Amino acid sequence: MNPSELKDFLDEKVLQYNTLDFIESDPVQIPHLFSQKEDIEIAGFLSATIAWGNRTMIIKNSHRMMDLMGNAPYDFVMSHTENDLERLETFVHRTFNGIDFTSFIKSLQHIYTNHGGLESVFNKHQETHSMQKSIHEFKKIFFEIPHQYRTQKHISDPLNNSAAKRINMYLRWMIRQDNKGVDLGIWKSISPASLSCPLDVHSGNVARKLGILTRKQNDGKALSELDLKLREFDNADPVKYDFALFGLGVFEGF
């Protein structure tokens, strides 16, 4: 396919997969459970954090996270007691355990109390066509209070050459205005033009087969390469092609 045909093909796949049906099998359904801004962004952040492995298990364990917080994530973050935190000790999703969950709650409370909330932190360091410095600075703020070292691995740093798939997916949920009811688009202070594709094994393999990614590793350098190509197709909303790449890989075995 020439570039024009490839763009048409991908645009068609975006329309096919960027629909309400997508929500049924995706962890984006978790923030959709809520209506208050802070509930949406905290629920989204926590469910995106554990979004690796089996998708059914991701969704099941994300619901369990919400249950452990009384299905009121913002209230829990801001008003929890030590007894409340003890309830979280039983939580496990792969290598993310109760210690990590407790640490995340404390860091989120710190961010809402001292830094104006999640949107404010991510907004502060955004660049014209990149959120990567913003993610790096967010991680520093997130872990500036006492925490166990092991918990740091659950937030990736793109300036250390990570593709930061989960946090880029989270930012897509919060920022992208898709008018289809999938991405929530509640953060108005950050442009969707700054977003990056959540690069994982599925989207990476499809991108290579389509000839829009040459690097073999799914790392920060690969993400930069893919970003440049997707911006050629749509500079204002490059991350919409995540639906096409992911859909082709997961649902069509492309």
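Just the heavy atoms: all of them, side chains too, but no hydrogens, waters or symmetry mates, feed the values below. In this text, all values refer to a predicted model and were calculated from it rather than measured experimentally.
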Could you check Ser203 against Asp200 for side-chain hydrogen bond (donor to acceptor under 3.5 Å, both in side chains), going step by step and ending with a plain yes or no? CA-CA 6 Å; Ser203 55; Asp200 65 5; 3.0 Å; yes
For Arg208 and Asn218, run side-chain hydrogen bond (donor to acceptor under 3.5 Å, both in side chains): C-alpha distance rounded to whole Å, both residues' side-chain angles, the deciding distance at 0.1 Å, then the answer. CA-CA 11 Å; Arg208 289 180 190 95; Asn218 291 325; 2.7 Å; yes
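Considering Val77, Thr49, Ile99 as possible partners of Phe104, the one that fulfils the side chain to side chain contact (heavy atoms under 4.5 Å, CB included) test is Thr49. Of the listed residues (Ser194, Ser162, Ser196), just one forms a side chain to side chain donor-acceptor pair (under 3.5 Å) with Gln132, and that residue is Ser196.
Pro198 is linked by a side chain to side chain contact (heavy atoms under 4.5 Å, CB included) to Lys165, Met169, Val239, Asp242, counting only residues two or more places apart in sequence or in another chain. Evaluation of the side chain to side chain donor-acceptor pair (under 3.5 Å) rule for Glu119 yields Lys37, Ser189 as partners, not counting sequence neighbours.
In this structure, Ile111 and Ile141 have side chains that are in contact, with non-hydrogen atoms separated by less than 4.5 Å. The side-chain heavy atoms of Asn205 and Phe254, taken from C-beta on, include no pair separated by under 4.5 Å. Using a 4.5 Å heavy-atom cutoff, the side chains of Phe34 and Met66 are in contact. Taking the side chain as every heavy atom from C-beta outward, Lys133 and Glu137 approach each other to under 4.5 Å. Residues Trp187 and Leu118 have side chains in contact (heavy-atom distance under 4.5 Å, counting atoms from C-beta outward). Counting heavy atoms from C-beta outward, Glu232 and Lys7 have side chains that stay 4.5 Å or more apart. Contact annotation: the side chain of Leu223 approaches that of Asp227 to within less than 4.5 Å [non-hydrogen atoms, C-beta and beyond]. Side-chain contact between Trp173 and Ile30: absent, with no pair of heavy atoms (C-beta onward) separated by less than 4.5 Å.
For Leu226 against Ala207, the heavy-atom pair with the smallest separation is CD1-CB, 4.0 Å.
Both Leu85 and Phe142 are part of a single hydrophobic cluster, where members link through side-chain heavy atoms under 4.5 Å apart. Linking Ile, Leu, Val, Met, Phe, Trp and Tyr residues whenever their side-chain heavy atoms come within less than 4.5 Å places Ile175 and Tyr170 in a single cluster. Under the 4.5 Å side-chain heavy-atom criterion for Ile, Leu, Val, Met, Phe, Trp and Tyr, Leu248 and Val250 are members of distinct hydrophobic clusters. No single ILVMFWY cluster, assembled from side-chain heavy atoms under 4.5 Å apart, contains both Leu171 and Leu199. A continuous path of hydrophobic side-chain contacts links Met1 to Tyr241 [ILVMFWY only; heavy atoms under 4.5 Å].
Atom CD of Glu127 sits in a crowded spot, with more than 12 heavy atoms from other residues, nucleotides or ligands closer than 6.0 Å. Crowding of Lys216 atom NZ: a count of heavy atoms from other residues, nucleotides or ligands under 6.0 Å not exceeding 12.
Note: Tyr74 and Tyr112 meet the aromatic proximity criterion, with ring centroids under 6.0 Å apart. Remark: aromatic rings of Phe138 and Phe45 are close, center separation under 6.0 Å. Aromatic rings from Phe22 and Tyr17 are positioned such that their centres are separated by 6.0 Å or more.
Atom CG in Leu210 sits 7.0 Å away from atom CG in Leu245 (nearest 0.5 Å). A distance of 6.5 Å separates CD1 in Ile59 from CG in Asp26, rounded to the nearest 0.5 Å. Rounding to the nearest 0.5 Å gives a distance of 10.5 Å between SG of Cys197 and CZ of Arg231. Between the CD1 atom of Ile167 and the CE atom of Met174 there is a distance of 11.5 Å, given to the nearest 0.5 Å. Here CZ of Arg87 is found 10.0 Å from CG of Asp67. Values are rounded to the nearest 0.5 Å.
In this structure, Glu12 contributes its side chain and Phe9 its backbone to no donor-acceptor pair below 3.5 Å. Distance alone, capped at 3.5 Å, is enough to place a donor-acceptor pair between the His80 side chain and the Phe76 backbone. Counting only distance, with no hydrogens or angles, the side chain of Gln152 and the backbone of Phe143 share no donor-acceptor pair below 3.5 Å. Under a 3.5 Å cut-off, the side chain of Asp219 and the backbone N or O of Asn161 do not form any donor-acceptor pair. With hydrogens and angles disregarded, no donor-acceptor distance shorter than 3.5 Å links the side chain of Lys13 to the backbone of Phe246. Here the side chain of Ser224 pairs a donor or acceptor atom with the backbone of Gly220 at under 3.5 angstrom. At least one donor-acceptor pair under 3.5 Å links the side chain of His147 to the backbone N or O of Ile145. Formation of a donor-acceptor pair under 3.5 Å by the Asp178 side chain with backbone atoms of Gly181 is found in this model. A donor-acceptor pair under 3.5 Å is formed between the side chain of His93 and the backbone N or O of Ile50. Within the 3.5 Å criterion, the main-chain N or O of Gly185 finds no donor-acceptor partner in the side chain of Asp183.
Side-chain atoms of Thr81 and Asp84 include a donor-acceptor pair closer than 3.5 Å. Side-chain contact check for Glu225 and Thr214: at least one donor-acceptor pair (N or O, by modelled atom type) lies under 3.5 Å.
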